[in-house]
There are 2 protein chains.
Amino acid sequence: MVLKNEKHQKIESFENIKQIFIEYLNKTNHRKTPERFTILKEIYDFQGHFDIEMLYNRMKINRYRVSRATLYNTMELFMESGLVIKHQFDKNCAQYEKNFCSKLHDHAICVKCRRVIEFHEPVINKVEESLKNSYGFNTLNHSLVFYGICEYCSINEKAIKK
Amino acid sequence: MVLKNEKHQKIESFENIKQIFIEYLNKTNHRKTPERFTILKEIYDFQGHFDIEMLYNRMKINRYRVSRATLYNTMELFMESGLVIKHQFDKNCAQYEKNFCSKLHDHAICVKCRRVIEFHEPVINKVEESLKNSYGFNTLNHSLVFYGICEYCSINEKAIKK
DNA sequence: TTCACTGCAAACGCTTTGCATATGG
DNA sequence: CCATATGCAAAGCGTTTGCAGTGAA
C-alpha cells in the first residue's frame with residue numbers, strides 16, 4: 001500500500017490547472033466567466049475535501065460573493081473536465097475533492113470522528129481486470145471506501161474502558 | 001473472483017432469519033411488534049436491491065399499511081442486526097440490500113443502463129490488513145463500487161457505430 | 001446584440017422529527 | 001400500567017429549478 005504523502009506528490013501550478021480548464025471550456029463552448037476562475041483558484045488553495053457549504057463560506061469570508069447555484073453548476077464543469085471528483089460518502093454529505101495530482105486513491109473513513117485516511121492500493125487494478133475478463137465490464141472509475149475506527153479513536157476507546 | 005451465483009448460495013430459511021432478528025431485539029430491549037416481522041418477511045421475499053418507496057408501495061399492494069417513518073426506523077434495526085446493508089450509490093438514491101447469505105460482496109454498476117453486477121473479491125481483505133498495519137485502522141465494513149460500461153451496453157455501442 | 005451565465009428564492013425529494021395514539025411486556 | 005412503537009403530517013436540509021437581470025463574445 002502506498003501512503004499518499006504530500007511531499008511526494010507532483011504539485012501542478014495553478015496556471016497549468018487553469019489551462020486544462022480553459023481548454024475544456026473552449027472545447028465544450030462554455031464561457032470563461034470570472035466566477036469560474038475565482039472558484040477554481042479557491043479550491044486550488046484549499047487543502048483536503050470540501051463541500052458546497054464550506055466553499056460558499058470560505059468565498060464569503062474572502063469577500064467574493066457567489067451563489068450556491070453557481071457553485072453547484074461550476075462543480076459540474078470541474079467534474080466533467082476531470083479537475084474534481086465527487087464523493088457521496090453519505091446522504092447529505094456530498095464531498096468534493098480536487099484531482100490536480102494524477103494519482104487516484106481510495107479512502108478509509110472513521111465512523112466516530114469522520115477523519116479521512118487516503119491511500120493508493122494498486123491491487124484494485126487486478127480486480128478491474130477480473131471484471132473485464134469475467135463479465136466483459138469496462139471500468140471507467142471506482143470508489144473504494146472502508147468504514148471503521150481510526151487509530152486515535154480506538155486509543156480513546158481503550159482509555160475510556162480503563 | 002467469485003461470481004455471486006444464486007444457485008450456489010446457501011439459502012437461509014425465513015425462520016432462521018427471524019430467529020437472528022428476535023435475538024437482536026431481545027439483546028437490545030426492543031419490542032417484537034407485528035410491523036417489524038411483516039417488514040422482515042416482505043424484504044425476505046423480495047429479490048434484489050430496494051429503496052424505501054419501493055418497499056412502501058409493495059406493502060401497500062399487499063394490503064399491509066405501514067408508515068414510511070416505521071420503515072426507516074425498522075431499516076435501522078435491520079442494519080444494526082446485520083440483516084440489511086445500506087448503499088448510498090448517489091444522493092436521492094439510497095438502496096437497501098438484504099444480507100441473509102453470509103458472503104459480503106461488491107458491486108459494478110453500468111453507468112448507461114444502471115445494471116448491477118455483484119461479485120465477491122477476497123483480495124479486499126488484504127487491503128483491510130494493510131490499513132490495520134499501516135494506519136492502525138480497524139475496518140468494520142467497506143464499499144467497493146466500479147462504475148463503467150457493461151457487456152450489453154458496449155455491444156450496443158459497437159453496433160451503433162457500425 | 002444575443003444568449004449563456006449568475007443570483008436569488010422557491011420548489012423538490014428523501015429523510016427526520018414531533019406529537020397524539022396504540023400496544024407489547 | 002407505562003415505556004416504546006406507530007402513523008401522520010410538518011419540518012429539515014442539501015440540491016435543483018425558474019426566472020429576471022447581467023455580461024462575455
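Chain letters run A, B, ... following the sequence lines, proteins first, then strands; residues in each count from 1. In this text, all values refer to a predicted model and were calculated from it rather than measured experimentally.
End-to-end axis angle of the helix from dT1(C)-dA25(D) to dG25(C)-dC1(D), using five pairs per end and rounding to 10°, comes to 30°.
The A94(A) side chain lies nearest to dT15(D) when the options are dG7(D), dG7(C), dT15(D). For I52(A), whose side chain is taken as the heavy atoms from C-beta onward, the closest listed nucleotide among dA24(D), dT15(D), dC8(D) is dT15(D). Relative to the side chain of K32(A), the nucleotides dA25(D), dT15(D), dG7(C) differ in distance, and dA25(D) lies closest.
Contact check, T70(B) against dG7(D): a side-chain N or O comes under 4.0 Å of OP1 or OP2. Side-chain nitrogen and oxygen atoms of Y72(B) include none within less than 4.0 Å of the OP1 or OP2 phosphate oxygen of dT16(C). At the phosphate of dT15(C), neither OP1 nor OP2 sits under 4.0 Å from any side-chain N or O atom of R68(B). The side chain of R36(A) contributes an N or O atom lying less than 4.0 Å from OP1 or OP2 of dT6(C). Side-chain N/O atoms of R65(B) include one lying less than 4.0 angstrom from OP1 or OP2 on dC8(D). Taking side-chain N and O atoms only, T33(A) has no distance below 4.0 Å to OP1 or OP2 of dG23(D).
Here the closest non-hydrogen pair linking Y56(A) and V66(A) is CE1-O, 3.1 Å. In terms of heavy-atom proximity, I43(A) sits nearest to V84(A) at CD1-CG2, 3.5 Å. Heavy-atom minimum distance, F146(B) versus F137(A): O-CZ, 3.9 Å. Closest approach of F37(B) and F14(B) over heavy atoms only: O-CZ, 4.2 Å.
Judged by closest nucleotide on DNA chain C, Y96(B) is the one of H30(B) and Y96(B) placed further toward the 5' end. Both N73(A) and R31(A) sit near DNA chain D, but only N73(A) has its closest nucleotide nearer the 5' end.
For H87(A) and dG14(D), the NE2 to C1' distance is 18 Å, given to the nearest whole Å. The distance from atom CG of L71(B) to atom C1' of dT6(D) is 11 Å, rounded to the nearest whole Å. Atom CE of M59(B) is separated from atom C1' of dG7(D) by 14 Å (rounded to the nearest Å). We find that CD of E35(B) is positioned 9 Å from C1' of dT23(C), with the value rounded to whole Å.
Panel note: side chain N62(A), backbone Y64(A); no donor-acceptor pair is recorded below 3.5 Å. Between the S134(B) side chain and the L131(B) main chain, no donor and acceptor come within less than 3.5 Å of each other.
A cation-pi contact, defined as under 6.0 Å to the ring centre and within 45° of the axis, is absent between K98(B) and F46(B).
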